[in-house]
Amino acid sequence: MYRTTKERFHEYLDADKQEGACQETPTEGPAEPEAKRIRLEDGQENGKTEVAVESHERQVPKRARGQNKSRPHMKPAHYDKERLCPSLLQESATPCAFGDRCRFLHDVGRYLETKPADLGPHCVLFNTFGRCPYSMTCRFAGAHLGPEGQNLVQEEVVARCAQLPSVRNGLDRALQQQLRKRQVCFERAEQALSHLTQGPMPTIAPESTVATLTPKHSSCHVQLDNVGGDGAGQGSPVPTCGPLTDEDVVRLRPCEKKRLDISGKLYLAPLTTCGNLPFRRICKRFGADVTCGEMAMCTNLLQGQMSEWALLKRHPCEDIFGVQLEGAFPDTMTKCAELLNRTIDVDFVDINVGCPIDLVYKKGGGCALMNRSAKFQQIVRGMNEVLDVPLTVKMRTGVQERVSLAHRLLPELRNWGVALVTLHGRSREQRYTRLADWPYIEQCAKVASPMPLFGNGDILSFEDANCAMQTGVAGIMVARGALLKPWLFTEIKEQRHWDISSSERLDILRDFTHYGLEHWGSDTQGVERTRRFLLEWLSFLCRYVPVGLLERLPQRINERPPYYLGRDYLETLMASQQAADWIRISEMLLGPVPPGFVFLPKHKANAYK
């Protein structure tokens, strides 16, 4: 009844667009880059293709796959070239420290002349926190600017928010400078690495001293030597919080570490790009139990890159939260583990042994660690010695499609001290071309016992989750299924199919934009960064088919639906795989896009005309 052709599908959307039901987007969907066009099945010689126009029209091209590695990408700062100096926004009496050398504007009148119009009458930050820190640069500034241009404050809301927990795991400016100048000493990591080079790891006994992360000169974490002895009083007094306990001075043995008991819980996968903090808040609302930050490169963290540290931030609603590290060498991974152990608040640290992309694999990280067992062992043992929280591993079945390695590595990981392993039922070569191998995951769950093993792959309904739990795994991790339908966690817990309406789905997207503005800011850069991550998410959401339109239940994750008309215009618009239509949805929530706006999704299979 609802099935249609591609031509009728787009005629329906375009007809309604011309009638003014939705504001028309000035930016059309980008065409596929010339360098990334699909090679034809015939006429290929020595990797080169020479095709006439007539033959191109006659033959059917292959299905697009892979990433758009050379896609055009505009940074959010590109749309905000005339930026106001932060010293003017802070409303402090102190003048700009850079003086005439400052690269930002100091003329408020000139800035307001070039500033684009407001995007709406309500500011999320002002309504939520009682004060918008972006003042006149906010794209919703009309909601909180007084008649003389002053930034208004709601004292009652500010006082109430001051009592609430804030986002944790930010990077301290002083620590960032020390990392950039390489003034941080990693004493525990160096001890662990020296043990690794000498041979088998010795049994860790309780010690009377603790080796803490200390810089060479100006210390941000004070080293405790001879705690309780005469030397404790030397130097300046150390600021403390609460009484001194054994946990402060005695290092934990592996058997004394906090247990990671998440068996039977729903685990949201660390999704690169889309698994950001606002998206994790959406999934927590729908019932996700365990969340994990996006994959972070250990070398970038050690260099103090703010963009990489932003991946470690934790929202107060994330009660069980971990971070995932990627690296190829024991020294950098062990030092990064010690750094995080002293600076951030997490419940576990995960090692990425499943990333398939070339950028990571060719450097020896991700899936490549499965073939580098000696380095892999040193990484696990070294990190486990310096961490006070459990260490977990996320891995694939192997590198090659027909050569599985996971069942051989799992007993070793158990002996090395790993608390939990998550197994994605595909190899690196397979990517997403075949279904996940759950019979192999079942075999690995038996081999890994008593170490808990979580299974991952192709979970899109509560029936899929039930079948997965019957394999004997300790729990399931949900990845792409959460991108297609974040309410999947509710369906699994309530054991039902949710025929969610288009208006309810739009409300979810609206909440995501509100969370995004809180997280990335409400100025031009924050709005466009929120828009970009929303569009990346919409490239997955368009693949969802409403339950009320399905001929059979449930929808399978590897199935691509035909063109269909929804029960209303918005439902049809959300089913479009054109980037121009995703931009129209973003304009409903974040206002019109800036001039020259371009968006191309990460994957070639999406958004081509």
Side-chain angles (χ1 to χ4, degrees), residues 1-33 38 61 63-65 68 71-72 273-274 279 460 480-481 483-487 499-510 512-513 530-551 555-593 597-609:
M1 175 180 177
Y2 294 97
R3 291 186 62 174
T4 184
T5 62
K6 179 179 180 179
E7 291 74 16
R8 288 187 59 194
F9 178 87
H10 290 294
E11 285 177 3
Y12 174 74
L13 291 180
D14 293 340
D16 199 284
K17 178 169 59 174
Q18 292 172 2
E19 292 174 3
C22 286
Q23 187 177 8
E24 187 174 3
T25 302
T27 306
E28 295 183 357
E32 186 175 7
I38 309 305
R63 178 180 168 187
R65 296 185 187 278
N68 288 317
R71 61 177 180 152
T273 303
C274 292
F279 177 76
L460 192 59
R480 287 184 301 162
L483 293 175
L484 269 65
K485 40 190 272 190
W487 54 91
D499 188 11
I500 190 168
S501 66
S502 59
S503 60
E504 290 176 306
R505 292 163 63 190
L506 187 65
D507 289 338
I508 295 173
L509 297 178
R510 182 175 290 107
F512 175 84
T513 59
T530 302
R531 190 191 305 274
R532 174 184 160 238
F533 285 110
L534 173 64
L535 292 172
E536 292 285 1
W537 184 21
L538 285 171
S539 70
F540 288 91
L541 276 175
C542 65
R543 290 164 46 186
Y544 168 73
V545 181
V547 172
L549 305 185
L550 291 174
E551 295 178 353
Q555 178 186 358
R556 300 297 180 185
I557 200 167
N558 64 318
E559 296 175 343
R560 294 296 181 270
Y563 285 93
Y564 66 91
L565 298 179
R567 291 165 290 191
D568 53 45
Y569 177 80
L570 183 58
E571 194 168 73
T572 307
L573 182 64
M574 289 181 170
S576 174
Q577 298 196 14
Q578 298 284 346
D581 292 325
W582 307 337
I583 294 174
R584 291 167 59 191
I585 295 175
S586 77
E587 290 187 316
M588 297 178 185
L589 306 168
L590 292 170
V593 296
F597 181 83
V598 176
F599 174 76
L600 194 67
K602 290 179 65 176
H603 303 286
K604 288 195 292 187
N606 292 329
Y608 291 132
K609 293 183 177 180

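The chain is numbered in sequence order, starting from 1.
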**Student:** Assess whether side chain to side chain contact (heavy atoms under 4.5 Å, CB included) is satisfied between R531 and L534, documenting all intermediate values.
**Tutor:** CA-CA 5 Å; R531 190 191 305 274; L534 173 64; 5.5 Å; no
**Student:** With side chain to side chain contact (heavy atoms under 4.5 Å, CB included) as the criterion, how do F279 and F533 come out once you've worked through the C-alpha distance, each side chain's angles and the decisive distance to 0.1 Å?
**Tutor:** CA-CA 9 Å; F279 177 76; F533 285 110; over 6 Å; no
**Student:** For L460 and R556, work out which heavy atoms get closest and say how close.
**Tutor:**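 That would be CD2-C, 3.9 Å.
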**Student:** Angle between ring planes, Y569 versus Y12, binned at 30° and 60°: parallel, tilted or perpendicular?
**Tutor:** tilted
**Student:** What's the separation between atom CZ in R532 and atom OG1 in T273, rounded to the nearest 0.5 Å?
**Tutor:** 6.5 Å
**Student:** To the closest 0.5 Å, what do you measure between CZ (R510) and CG (L590)?
**Tutor:** 10.5 Å
**Student:** Using side-chain heavy atoms (C-beta onward) and a distance below 4.5 Å, is P546 in contact with Y564?
**Tutor:**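 Side-chain contact under 4.5 Å: yes.
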**Student:** Enter the distance from L600:CG to L535:CG here, rounded to the nearest 0.5 Å.
**Tutor:** 11.0 Å
**Student:** What's the spacing between L509 CG and M588 CE if we round to 0.5 Å?
**Tutor:**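 Reported value, rounded in 0.5 Å steps: 10.0 Å.
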**Student:** Test side chain to side chain contact (heavy atoms under 4.5 Å, CB included) on Q555 and K485 and set out the steps.
**Tutor:** CA-CA 11 Å; Q555 178 186 358; K485 40 190 272 190; 5.7 Å; no
**Student:** Given side chains that start at C-beta, do those of P486 and L541 come closer than 4.5 Å, heavy atoms only?
**Tutor:** yes
**Student:** Run the numbers on Y563 and T5 for side chain to side chain contact (heavy atoms under 4.5 Å, CB included), then give the verdict.
**Tutor:** CA-CA 6 Å; Y563 285 93; T5 62; over 6 Å; no
**Student:** Can you give me the closest heavy-atom contact between Y544 and L484, atom names plus distance?
**Tutor:**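 For Y544 versus L484, the nearest heavy atoms are CB-O, 3.6 Å.
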**Student:** Could you report the tightest heavy-atom contact between L483 and C274, atom names first, then the distance?
**Tutor:** CD2-CB, 3.5 Å
**Student:** Which heavy atom of L13 sits nearest to which heavy atom of S576, and what is that distance?
**Tutor:** CD1-CB, 4.0 Å
**Student:** I want to check something: taking the side chain as every heavy atom from C-beta on, are S586 and F599 in contact at a cut-off of under 4.5 Å?
**Tutor:**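 Contact flag for S586/F599 side chains = no.
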**Student:** Once you round to the nearest 0.5 Å, how far does OG of S503 lie from CG of D568?
**Tutor:**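 If we round to the nearest 0.5 Å, S503:OG and D568:CG are 7.5 Å apart.
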**Student:** Just verifying a value: how many Å separate T4 OG1 and E11 CD, rounded to the nearest 0.5 Å?
**Tutor:**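 CD of E11 is found 8.5 Å from OG1 of T4.
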**Student:** With sequence neighbours left out, write down each residue that passes side-chain hydrogen bond (donor to acceptor under 3.5 Å, both in side chains) with E571, or none if nothing qualifies.
**Tutor:**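 With neighbours one apart ignored, the set is R567.
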**Student:** Within the structure provided, determine whether M574 and L506 are in side-chain contact (heavy-atom separation under 4.5 Å).
**Tutor:**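 Yes; the side chains approach each other to less than 4.5 Å.
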**Student:** For F9 and A575, work out which heavy atoms get closest and say how close.
**Tutor:** CZ-C, 4.0 Å
**Student:** So which heavy atom on P562 is nearest to which on R3, and how close?
**Tutor:** CG-NE, 3.7 Å
